[in-house]
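Sequential numbering from 1 along the given sequence is applied to the chain's residues. Note that the structure is predicted; figures quoted are calculated from it, not measured.
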Amino acid sequence: MNPSELRRSCVLRIIFVVSLCISATACLSSFAAAQALSSIRGSVVDSSGAVVTGAAVTVQSLDTGMERNVITGSSGQYQVMSLPVGDYQVVVNKTGFAPAKRIGIHLVVGQDAEVNISLQPAEEQQQVVVNADAAPVSLTTADISGLVSDRQIKDLPLNGRSYDE
């Protein structure tokens with residue numbers, strides 16, 4: 001082999017090794033990123049233990065403020081995947097129930113946290129609205145009016161006087 005062929009062969013081998021290293025690094029970094037994610041799952045039940053379907057579940061990161069929203073399925077289960085590590089809170093809302101909140105959920109690398117929530121019935125709220133307008137009162141004039149019939153005029157006690165005088 002002459003020196004130019006040898007040099008060319010070495011360059012090709014170096015390129016091959018570098019490309020292998022780059023692809024291996026990309027694979028490892030994607031594997032590491034997949035391992036750095038966690039999830040929160042659980043079930044939502046009422047105070048009697050019956051599953052609550054269609055409840056709105058909000059998972060919020062207390063570190064970044066990021067929110068993920070899901071709805072419970074027919075078995076009352078929910079799952080929020082691909083969450084970065086950190087501190088979270090879970091809030092569950094459903095019509096007819098008081099909102100429930102769980103805080104202090106700390107996720108670590110690769111953790112699958114289970115957060116089961118029990119909803120309590122909402123307190124019944126009644127509101128009575130009275131909308132009555134007051135009778136109009138005239139504060140500027142002191143008018144008193146009414147109809148007086150001719151018979152009432154004739155029956156007035158005049159004490160000897162005539163009304164037409």
Side-chain angles (χ1 to χ4, degrees), residues 4-143:
S4 66
E5 289 178 0
L6 185 60
R7 189 175 314 142
R8 185 173 179 207
S9 174
C10 286
V11 168
L12 288 175
R13 286 182 185 166
I14 291 173
I15 290 173
F16 179 72
V17 169
V18 168
S19 66
L20 280 178
C21 289
I22 290 173
S23 64
T25 304
C27 288
L28 288 176
S29 66
S30 66
F31 179 73
Q35 292 299 315
L37 299 177
S38 303
S39 67
I40 295 177
R41 64 180 172 85
S43 62
V44 178
V45 297
D46 64 8
S47 57
S48 68
V51 298
V52 177
T53 62
V57 180
T58 301
V59 175
Q60 181 182 22
S61 170
L62 298 177
D63 300 328
T64 64
M66 180 237 4
E67 287 186 359
R68 300 272 300 277
N69 299 307
V70 295
I71 303 292
T72 58
S74 60
S75 61
Q77 300 287 323
Y78 71 93
Q79 184 170 9
V80 180
M81 300 177 67
S82 301
L83 295 172
V85 297
D87 293 320
Y88 287 86
Q89 73 176 6
V90 176
V91 179
V92 179
N93 290 304
K94 173 75 174 170
T95 304
F97 293 96
K101 180 190 267 187
R102 295 278 299 274
I103 59 174
I105 303 164
H106 183 73
L107 295 180
V108 295
V109 175
Q111 180 182 5
D112 185 22
E114 185 168 343
V115 180
N116 297 320
I117 295 182
S118 177
L119 295 178
Q120 301 299 320
E123 292 183 19
E124 189 173 322
Q125 296 181 0
Q126 291 184 346
Q127 184 177 10
V128 177
V129 177
V130 177
N131 188 10
D133 295 329
V137 176
S138 175
L139 299 175
T140 57
T141 61
D143 292 340

Check: Hey, are the side chains of Ser38 and Val108 touching, using non-hydrogen atoms and a 4.5 Å cut-off?
Finding: no
Next item on the list: With sequence neighbours left out, write down each residue that passes side chain to side chain donor-acceptor pair (under 3.5 Å) with Thr64, or none if nothing qualifies.
Entry: Ser61
Margin query: Tell me every residue that passes salt bridge (charged side-chain N to carboxylate O under 4.0 Å, His left out) with Asp63, counting only those two or more places apart in sequence or in another chain.
Written below: none
Check: When rounded to the nearest 0.5 angstrom, what distance separates CG in Asn69 from OH in Tyr78?
Finding: 12.5 Å
Item checked: Pro84 to Leu107 - nearest heavy-atom pair and separation -> O-CD1, 4.4 Å
Checklist line | For Arg41, salt bridge (charged side-chain N to carboxylate O under 4.0 Å, His left out) partners two or more places apart | finding: Asp112, Glu114
Checklist line | Reported NZ-to-CG distance for the pair Lys94 and Leu119, which is rounded to 0.5 angstrom | finding: 9.5 Å
Notebook entry, point to check: What are the two closest heavy atoms between Pro99 and Asn93, and how far apart are they?
Noted result: CB-OD1, 3.1 Å
Next item on the list: Locate the shortest heavy-atom distance separating Gln79 from Val70; write the atom from each residue and the value.
Entry: O-CG1, 3.9 Å
Note to self: Please report the interatomic distance CD(Gln77) to OG1(Thr72), rounded to the nearest 0.5 Å.
What the structure shows: 9.0 Å
Margin query: Rounded at 0.5 Å granularity, tell me how far CG in Asp87 sits from CD1 in Ile105.
Written below: 9.5 Å
Next item on the list: Measure the spacing between CD1 of Ile40 and OH of Tyr88 and express it to the nearest 0.5 Å.
Entry: 7.0 Å
Notebook entry, point to check: Should we count CE of Met81 as having more than 12 external heavy atoms under 6.0 Å?
Noted result: no
Next item on the list: Check Gly54 against Ile71 and note the closest heavy-atom contact, atom names and distance.
Entry: CA-CG2, 3.5 Å
Check: Is any side-chain heavy atom of Val51 less than 4.5 Å from a side-chain heavy atom of Ser75?
Finding: no
Note to self: Within this structure, what is the CZ-CG distance for the pair Arg102 and Asn116, rounded to the nearest 0.5 Å?
What the structure shows: 7.5 Å
Check: Is any side-chain heavy atom of Leu62 less than 4.5 Å from a side-chain heavy atom of Gln89?
Finding: yes
Item checked: Heavy-atom pair of closest approach, residues Asp46 and Ser118 -> O-OG, 3.6 Å
